[in-house]
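Structure first, then comments.
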Amino acid sequence: MAFLAFFLLVAILIVSFLFSNYFRLKNAYSGSDAFFHYQAAEQLRKNKLRLYKQMEPYALPSPPDYPPLLHYLLALLPPHQLISYGRFIGSLFDALTKILLFFMARLLTQEDSTALLAVALYSLIVITVEEQVEASPRSIGNFVFVANLFSLLLYMYTSHLAFLVIPVVCVFLSYIIHRFSFQVTVLTLLFLSIYLQNPFFILVLVAGVLLSMLVLRTYFFLLLKSMASTYTIWFSMRNVKKTAKEGYSKLSVFVFEFFLSNLMDLLVLFLVFVMNYALPPQLAPFFIVMVFLRCVQIAVYFVKYLKCIGEHFRYLGYNAAFTSLCLASLLYLYPTDAFVIGSSSVVGVTSVVAIVFWQRAYRKSKFLFPDQATIESLKKITKIPTGLLLVLDYPYSRNVGFLTKKKLFYTSSQQYFHLVREMLWPTAPLSETIKQNNITHVLVHLSVEKRYELPHVKPIYKDDQFVLYRVL
């Protein structure tokens, strides 16, 4: 039976990987965030794995104030295979999360079938597919978060010292993985201490922070300052309305992000709170965390003063493992209940359709998923001499910087975001920004060309992807 469970687990991992990544197997390139991580990894390798002082090729101050663990992992890859292998690092840690979920479910329910079902359900949660499709710290952060809570629970049940050390280390790891991961960890541990009236969780958090300060020393405060700058920036932008993604209505984006990102946790909440189905008592802590993170997501969406703590739907990725565990347990406990089986089937099919829909939308976006024509255009532009280059649409700077190595009017640091704020939320004509910063060339992707007025410029190169201007 153990061999069969192992074989089925491997089969689920392979099928879920292919389902999530089949459209990326031929095209290794992905979104601008990934290009930033590749650039940071190259910089670390160039600096012999020591922290650099300035990110190249950015002209504006760009210290290494982004949590660096992903960059170090990418820097260990063969230089010529950085993108080829690096694009799957999210999928690797997603697979590790599934393996951890299997053992967690197996331990809590004593059933291989429930554990396998939990892994299969997890693979169908839309947000988990979205967050693994490029070189991103999100899947790594999710894995560490699940390991943290699982270890905490084991320590409470067994009092084994090892299960106390792991959560403390996980708090430290979350700090050097991703700001959002650390933030979710802090919120969850504070919530558990208050809800369970147990200071143990706060003590683990404090110990993890102290460990971070001990290991990182002054670098701890550089990361902390960057984190504070992020909150300040997005709090100041709380009244800026989010525009719909190109080609999709605001309603369709809302439905996708608010509901379809993780439809299964809504089903679990309905079954437990409305239909009065009972979960095994040993799953109560995970169910509580699942409910808490969904409540945070709702609060962040509707309360504008909370928008500074991240995109609302990202919280649903951190409750995904606990969602699948709870739903798998309900399916195991009520195997002949038509409503449980029927509603779960509908949600599962809907999730598959949503994943396919998202994959098609992702492939259509040359910003998120640059095609070969875009790459070839940038290779040609690399050969054209330029001075200080401004890239529009501005976030595309990270793609252009990595692929062309040209000197860019850009900063990777949240601490210096005020220097480039005009690029995203302009309050003055773009010509003034160009003049004040001695920008000599402007590269515009044709998909956004109509958004900008560029007086006193002369086109020196144009193809079906970009137009390159020289400032007169």
### Query
Using 4.0 Å as the upper bound for N to carboxylate O, is an ion pair formed by Asp65 and Lys225?
no
### Message
For residues 173-185, which residue pairs pass the side chain to side chain donor-acceptor pair (under 3.5 Å) check, not counting sequence neighbours?
### Response
Arg179-Ser226, Gln183-Tyr231, Gln183-Tyr315
### Message
Testing the basics here: between Pro280 and Leu333, what is the closest heavy-atom pair and its distance to 0.1 Å?
### Response
CD-CD1, 3.6 Å
Return a table of donor-acceptor pairs under 3.5 angstrom between the side chains of residues 140-154 and protein atoms on other chains or two or more places apart.
| residue | atom | partner | partner atom | Å |
| --- | --- | --- | --- | --- |
| Asn142 | ND2 | Tyr122 | OH | 2.9 |
| Asn142 | ND2 | Gly317 | O | 3.4 |
| Ser151 | OG | Ala147 | O | 2.8 |

### Summary
Taken to the nearest 0.5 Å, the spacing of Arg138 CZ from Thr128 OG1 works out to 13.5 Å
### Message
Looking only at the aromatic ring of each residue, does the gap between the centers of Phe36 and His71 stay below 6.0 angstrom?
### Response
yes
### Query
Is there side-chain contact between Ile127 and Trp358, with heavy atoms separated by less than 4.5 Å?
no
### Message
Centroid separation under 6.0 Å, is that true for the rings of Tyr318 and Phe180?
### Response
yes
### Query
How many angstroms lie between OH in Tyr38 and CG in Leu403, if you round to the nearest 0.5 Å?
10.5 Å
### Query
How are the rings of Phe191 and Phe292 set relative to one another: parallel (under 30°), tilted (30 to 60°) or perpendicular (over 60°)?
parallel
### Task
Please list all pairs passing the side chain to side chain donor-acceptor pair (under 3.5 Å) test where one or both residues lie in residues 290-301, with sequence neighbours left out.
Asp265-Arg294, Arg294-Gln297, Gln297-His312
### Side chains of Thr232 and Ser236 in contact at under 4.5 Å (non-hydrogen atoms)
no
### Task
Please name all residues satisfying ring pair (Phe, Tyr, Trp, His ring centres under 6.0 Å) with Tyr277, sequence neighbours left out, ordered by chain then number.
Tyr334
### Query
When rounded to the nearest 0.5 angstrom, what is the spacing between CG in Leu173 and CZ in Phe182?
12.0 Å
### Message
As a quick check of understanding, evaluate salt bridge (charged side-chain N to carboxylate O under 4.0 Å, His left out) for Glu42 and Arg45, giving each step before the final call.
### Response
CA-CA 5 Å; Glu42 279 196 348; Arg45 189 187 301 113; 5.1 Å; no
### From Leu279 atom CG to Leu330 atom CG, the distance as rounded to the nearest 0.5 Å
4.5 Å
### Message
To the nearest 0.5 Å, what is the distance between CG on Leu117 and OG on Ser329?
### Response
8.5 Å
### Task
Quick one: pull up CG in Leu116 and CG in Leu101 and give me the separation to the nearest 0.5 Å.
10.0 Å
### Query
Which residues satisfy the ring pair (Phe, Tyr, Trp, His ring centres under 6.0 Å) test with Phe259, sequence neighbours excluded?
Phe254
### Query
By ring pair (Phe, Tyr, Trp, His ring centres under 6.0 Å), which residues pair with Phe7, not counting sequence neighbours?
none
### Task
Sorted by first residue and then second, give each salt bridge (Lys or Arg N to Asp or Glu O under 4.0 Å) pair with at least one member in residues 85-97; sequence neighbours left out.
Asp94-Lys98
### Task
Looking only at non-hydrogen atoms, find the nearest pair between Ala105 and Ala115 and report the distance.
CB-CA, 3.6 Å
#### Entry: Shortest non-hydrogen contact from Ala135 toward His37
O-CD2, 3.1 Å
### Query
Among all residues two or more places apart in sequence or in another chain, which pass the salt bridge (charged side-chain N to carboxylate O under 4.0 Å, His left out) test with Asp33?
Arg398
### Message
Working note: Glu131 + Arg314, criterion salt bridge (charged side-chain N to carboxylate O under 4.0 Å, His left out); need CA distance, chi angles, decisive distance, verdict.
### Response
CA-CA 9 Å; Glu131 294 191 339; Arg314 297 295 182 190; 3.3 Å; yes
### Query
How far apart are the closest heavy atoms of Ile341 and Ser345, and which atoms are they?
O-OG, 2.8 Å
For residues 194-208, which side-chain donor-acceptor pairs fall under 3.5 Å, sequence neighbours excluded?
| residue | atom | partner | partner atom | Å |
| --- | --- | --- | --- | --- |
| Asn198 | OD1 | Phe200 | N | 2.9 |

#### Entry: Pairing residues for Lys304 by the salt bridge (charged side-chain N to carboxylate O under 4.0 Å, His left out) criterion, not counting sequence neighbours
none
### Message
Using only atom types and a distance under 3.5 Å, with no angle test, would you say the side chain of Ser261 pairs donor to acceptor with the backbone of Phe258?
### Response
no
### Task
Over all heavy atoms of both residues, which pair between Tyr219 and Pro64 is shortest? Give the atoms and the distance, please.
OH-O, 2.7 Å
### Stepwise side chain to side chain donor-acceptor pair (under 3.5 Å) test for Thr374 and Gln465
CA-CA 6 Å; Thr374 303; Gln465 301 290 326; 3.0 Å; yes
### Message
My understanding is that only residues two or more places apart in sequence, or in another chain, count here; which of them pass side chain to side chain donor-acceptor pair (under 3.5 Å) with Ser91?
### Response
Asn21, Gln132
Donor-acceptor pairs are to be reported for all side-chain atoms of residues 321-328 against protein atoms at under 3.5 Å, with residues two or more places apart or in another chain.
| residue | atom | partner | partner atom | Å |
| --- | --- | --- | --- | --- |
| Thr323 | OG1 | Asn319 | O | 2.8 |
| Ser324 | OG | Ala118 | O | 3.4 |
| Ser324 | OG | Ala320 | O | 3.3 |
| Ser324 | OG | Ala321 | O | 2.9 |

### Message
The test is side-chain contact (heavy atoms from CB on, under 4.5 Å); show your working for Leu108 and Leu283 and say whether it passes.
### Response
CA-CA 7 Å; Leu108 293 170; Leu283 299 188; 3.7 Å; yes
### Task
Could you walk me through whether Asp112 and Phe102 pass side-chain contact (heavy atoms from CB on, under 4.5 Å), step by step?
CA-CA 8 Å; Asp112 289 335; Phe102 173 83; 4.3 Å; yes
### Task
Taking atom types as modelled, find out whether Gln414 and Tyr66 have a side-chain donor-acceptor pair closer than 3.5 angstrom.
no
### Message
Working note: Val119 + Leu9, criterion side-chain contact (heavy atoms from CB on, under 4.5 Å); need CA distance, chi angles, decisive distance, verdict.
### Response
CA-CA 8 Å; Val119 175; Leu9 175 61; 4.2 Å; yes
### Query
What heavy-atom pair brings Ser123 and Val129 nearest, and what distance separates the two atoms?
O-CG2, 3.7 Å
#### Entry: Minimum side-chain heavy-atom gap Pro67-Ile177 below 4.5 Å
no
#### Entry: Test of ring centre spacing under 6.0 Å for Phe17 and Tyr22
no
### Message
For Tyr305 and Phe235, take the angle between the two ring planes, folded into 0 to 90°, and tell me which bin it lands in: parallel under 30, tilted 30 to 60, perpendicular over 60.
### Response
tilted
### Query
So, do Phe256 and Phe357 sit near enough that their side-chain heavy atoms are less than 4.5 Å apart?
yes
### Task
Begin from the C-alpha positions of Leu443 and Leu392 and carry the test side-chain contact (heavy atoms from CB on, under 4.5 Å) through to its verdict.
CA-CA 6 Å; Leu443 179 65; Leu392 301 173; over 6 Å; no
